[in-house]
Amino acid sequence: MTDTPILVAVAWPYANAEIHVGNLTGAYLPADIFARYHRLRGRKVLMVSGSDAHGTPITLRADAEGTTPYAAYQRFHNSFLDLFQQLGLSYDLFTSTHTDNHFDISKKIFNALKNNGYLYTEKSKQWYATSQGRFLPDRYVEGTCYICGDNFARSDQCDKCGSLLEADKLINPRSKVDGSTPELRETEHYYLDLGKLQPQVVGFLKGKQEHLRPNVLRQSLGQMEAEALHGRAITRDLDWGIPVPLEGWEGKCLYVWFEAVIGYLSASVEYANLNKLPADWQNWWYEPQAKSYYFIGKDNIPFHAVIWPAQLIGCGVEFSRLMGDPPHTLTLPFDVPANEFMNLEAQKISGSRNWAVWGLDFLSRYDPDPLRYYLTVNMPETKDTDWNWDDFYHRNNDELVATWGNLVNRVLAFTYKHWEGVLPDPGLLRPTDKELLAAVEKGFETVAGQMEAVHLRAALGESMRLSGEVNKYLDTSAPWFEIKTDKAAAAKSVYTAILAIDNLKTMLAPFIPFSCERLHTFLGYDAPLFGSQSVESVKDSLGEHTVLRYDPAGASGEWKVSTLQPGRVLRQPGPLFKKLEPEIVEQERARLGKKD
RNA sequence: UGCGGGGUAGAGCAGUGGCAGCUCGUCGGGCUCAUAACCCGGAGGUCCCAAGUUCGAAUCUUGGCCCCGCUACCA
């Protein structure tokens, strides 16, 4: 199955806020680990995402800052690229929804659905702010609840008494943006006919009950069994976004939930074009054997397990026709490994209260691999987890440094010192040596099994357990004792341990790539395990957008048993990780909840 | 009010019918190559409570208590 194309589709961050550890562990990091693993397996991997640039929140933020939506989105977009590069999130392409290409593909999807009869129009009343000359989403309009009299009810529901409200009965409505009085105006929108698509979506999900996670099934199939799908509006009265591609619909845009998910497809197309292989994207979208994995947070499950499949199903072969290609349906999601949420010190992460650990801020004080390690052992794969600074401190010092980092350091330092930096010839290996190597090599199957099932915590746990096995082996063979009486025996021990470490390096590389690359050089390799990341600028009629890319050229990592030979010249080793001081726990906790 | 998740050793978790496990911490021992790291052993649990099903339940059923999240154009 080496040739199975793997699409790693990653949630699109909304360009309205910085990225915190909950976002990272929820979707971006597991996607990267999964993509790196498959690259080591030699599979044709495409990992794509981008900034979600459109929507009312961004226009309002821009207004508040006296800038344009374009500038507001670009600021966050560029900070995302900075973070992803520093953390080694190896997107083959991280782009944006504000591109000619994405506009074009989105319009084609819209037209494909329309041509196939899955769109309809309907009129409704929406709040209109005369002061700003634009429509406002319900959550930006508040007033007095006509049921309980609370003064701060949203126009669609009252948080005080919990009632769902009818917008036109709200007393003294006012805009949350500027306090002005909005009015209800009739407007017309396009709807996606989910009711008509439901049988096909149910069929799609039922075929995947075996491997979809329970949380995903619950919020998709389970939800549909409880309540049938109804049409959803896919356009909005907005000017910042993708214009509805029809005459007479000026001033209306495709709504973000409809448009942003199309980014997985459009980013694939952009990737192919940037590489001057314009048909390359079809490997992941037209080929039946391709597998696509959508890494998202639990808040996104209905969009990816129900609505996006409905959009793809609804396109039929019409999208390929609009692209000028032979008839093809589009590849449906193979898996949607959605994670739950990560809390922070037992409280929900909240950007507005600054109750968060921000990615870039963290990396200004710590290295990326400790973050990747902690976020993986603590990944909310089956339920909510908690970021706890004391726990971070201990996991770093007592697990990452003590078990794995120390193993590498003790073996390499000892070998480098006593054999002049050359891997000694072990001669014939002893039974205990062979047993240790066999145990570690088995990891290429067991760890792979966990990876394929997207059980990343378990995969990392197994790799770390094997590191412990090597430590035990060393304690028994005790090369530091052997070398005093029988240097040949000591050579067998260190050779065995170094081969084991070289194997573990491969298994751990998807999780902690930076330190594994470094270890890779200590072991005398010249070509890196992975390729390189770079940022470049792309110009089109909408302006300019920066993209993050991954270039696999030069990558030499392979998911296979080490073939290090005796006589190999090693490089001067050093500690892979830093021990943390206990003081950081209180220092970091003191930062929480403070605004600077 | 409704829906969902959860209550297992000091902490964090795994475990969905068959002698209660893992990591960290703790106590004792070993080693000294290594970032006082590594290895071995011990202590420590009424598996929230109650009733029930069963030869047998942490694991299934029912009732109760407690904690958390969500309740939908906050993508």
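These numbers come from the heavy atoms of this one structure, side chains and all, not from hydrogens, waters or symmetry mates.
- Checked against B:rC38, B:rU35, B:rA75, the side chain of A:Asp475 finds its nearest nucleotide in B:rC38.
- Pairing for B:rC60 goes to B:rG52, judged as Watson-Crick or G-U wobble with the two contacts each under 3.5 Å.
- When the C1' atom is used for both B:rA20 and B:rA72, the distance is 42 Å, rounded to whole Å.
- Classified by interplanar angle (parallel below 30°, tilted 30° to 60°, perpendicular above 60°), the ring pair A:Phe414/A:Trp480 is perpendicular.
- Base pairing annotation: B:rC3 forms a Watson-Crick or G-U wobble pair with B:rG69, both donor-acceptor distances under 3.5 Å.
- Straight-line distance between the P atoms of B:rC33 and B:rG28: roughly 24 Å, to the nearest whole Å.
- For residues 252-263 of chain A, every residue pair satisfying the side chain to side chain donor-acceptor pair (under 3.5 Å) rule, not counting sequence neighbours, is listed here: A:His54-A:Glu259, A:His102-A:Glu259, A:Thr187-A:Lys252, A:Asp237-A:Lys252.
- As a whole-Å value, the separation of A:Glu399 CD from B:rA37 P is 14 Å.
- A:Lys472 and A:Asp475 are not joined by a salt bridge, as no carboxylate oxygen comes within less than 4.0 angstrom of a charged side-chain nitrogen.
- The nucleotide whose nearest atom lies closest to any side-chain atom of A:Ala402 is, among B:rA75, B:rC24, B:rA37, B:rA37.
- To the nearest angstrom, C1' of B:rG5 lies 12 Å from CG of A:Asn343.
- Taking the six-membered ring where the residue is Trp, A:Trp249 and A:Tyr190 present tilted rings, their angle falling between 30° and 60°.
- The separation of B:rC48 from B:rG6, taken at their C1' atoms, amounts to 11 Å, rounded to a whole angstrom.
- Atoms CD1 (A:Ile242) and C1' (B:rA75) sit 13 Å apart, rounded to a whole Å.
- Nucleotide B:rA75 holds its P atom 12 Å from the CG atom of A:Leu60, rounded to whole Å.
- Residue-to-nucleotide contacts include no donor-acceptor pair under 3.5 Å from the side chain of A:Asn406 to the base of B:rA37.
- A:Leu576 comes within 4.0 angstrom of a nucleotide base, judged by non-hydrogen atoms across all strands.
- You can call A:Trp480 stacked on the base of B:rC33; the centres are under 5.5 Å apart and the planes sit within 30°.
- The distance between atom CH2 of A:Trp257 and atom C1' of B:rC74, rounded to the nearest whole Å, is 16 Å.
- Pairs passing the side chain to side chain donor-acceptor pair (under 3.5 Å) check and including a residue from residues 409-419 of chain A, sequence neighbours excluded, read A:Arg410-A:Asn471.
- Between A:Phe414 and A:Asp398, the residue anchored nearer the 5' end of RNA chain B, judged by the nucleotide with its closest heavy atom, is A:Asp398.
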Give the intermediate values and the outcome of side-chain hydrogen bond (donor to acceptor under 3.5 Å, both in side chains) for residues A:Asn388 and A:Arg589. CA-CA 9 Å; A:Asn388 177 289; A:Arg589 283 178 175 162; 3.3 Å; yes

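- Pairing of B:rC31, defined by two Watson-Crick or G-U wobble distances under 3.5 Å, is not identified with any nucleotide.
- For the P atoms, the distance linking B:rC67 with B:rG52 amounts to 28 Å, nearest Å.
- The separation of B:rU16 from B:rU53, taken at their P atoms, amounts to 25 Å, rounded to a whole angstrom.
- Base-pair partner of B:rG44: not found among the strands shown (Watson-Crick or G-U wobble, both distances under 3.5 Å).
- B:rU8 and B:rC66: their C1' atoms are spaced 16 Å apart (whole Å).
- Only A:Tyr14, listed by number, bring a heavy atom of residues 13-30 of chain A to less than 4.0 angstrom from any atom of RNA chain B.
- Residues satisfying the salt bridge (Lys or Arg N to Asp or Glu O under 4.0 Å) criterion with A:Arg75, sequence neighbours excluded, are A:Glu65.
- In this structure, A:Asp239 places its CG atom where only 12 or fewer heavy-atom neighbours from other residues, nucleotides or ligands lie under 6.0 Å away.
- Atom C1' of nucleotide B:rU23 and atom CH2 of A:Trp404 are separated by 18 Å, given to the nearest angstrom.
- Residue order along RNA chain B, read from the 5' end via each residue's closest nucleotide, puts A:Phe577 first among A:Phe577 and A:Thr403.
- Minimum atom distance to the side chain of A:Lys472 is reached by B:rC40, of the listed B:rC40, B:rG25, B:rC33.
- A cation-pi arrangement, defined by a distance under 6.0 Å to the six-membered ring centre and an angle within 45 degrees of its axis, is absent between A:Arg571 and A:Phe522.
- The separation between A:Phe341 atom CZ and B:rG69 atom C1' is 9 Å, rounded to whole Å.
- Residue-environment remark: OH (A:Tyr70) exceeds the threshold of 12 foreign heavy atoms within 6.0 Å.
- Put simply, the side chain of A:Arg134 reaches to within 4.5 Å of the side chain of A:Leu60, judged on heavy atoms.
- Going from atom CG of A:Leu407 over to atom P of B:rC33 covers 16 Å, rounded to whole Å.
- By the 30° and 60° cut-offs, the orientation of the rings of A:Phe80 relative to A:His77 is perpendicular.
- Distances shown here put a side-chain N or O of A:Lys579 below 4.0 Å from the OP1 or OP2 atom of B:rA37.
- Of the residues in residues 416-424 of chain A, not one places a heavy atom less than 4.0 Å from an atom of RNA chain B.
- Using a 4.0 Å heavy-atom cutoff across all strands shown, A:Asn300 reaches at least one base atom of the nucleic acid.
- Put simply, A:Lys348 has no side-chain N or O that comes within less than 4.0 Å of OP1 or OP2 on B:rC68.
- With P as the reference atom, B:rG44 and B:rC27 are 16 Å apart, rounded to whole Å.
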List, with names and distances, any nitrogen or oxygen atoms from the protein found under 3.5 Å away from nitrogen or oxygen atoms belonging to nucleotides 7-15 of chain B.
from, atom 1, to, atom 2, distance (Å)
B:rA14, OP2, A:Lys383, NZ, 2.6

For A:Arg457 and A:Asn378, what are the C-alpha separation, side-chain angles and deciding distance, and is it a side-chain hydrogen bond (donor to acceptor under 3.5 Å, both in side chains)? CA-CA 8 Å; A:Arg457 281 172 70 142; A:Asn378 222 355; 5.0 Å; no

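- A salt bridge does not link A:Glu482 to A:Lys487: none of the charged side-chain nitrogens sits closer than 4.0 Å to a carboxylate oxygen.
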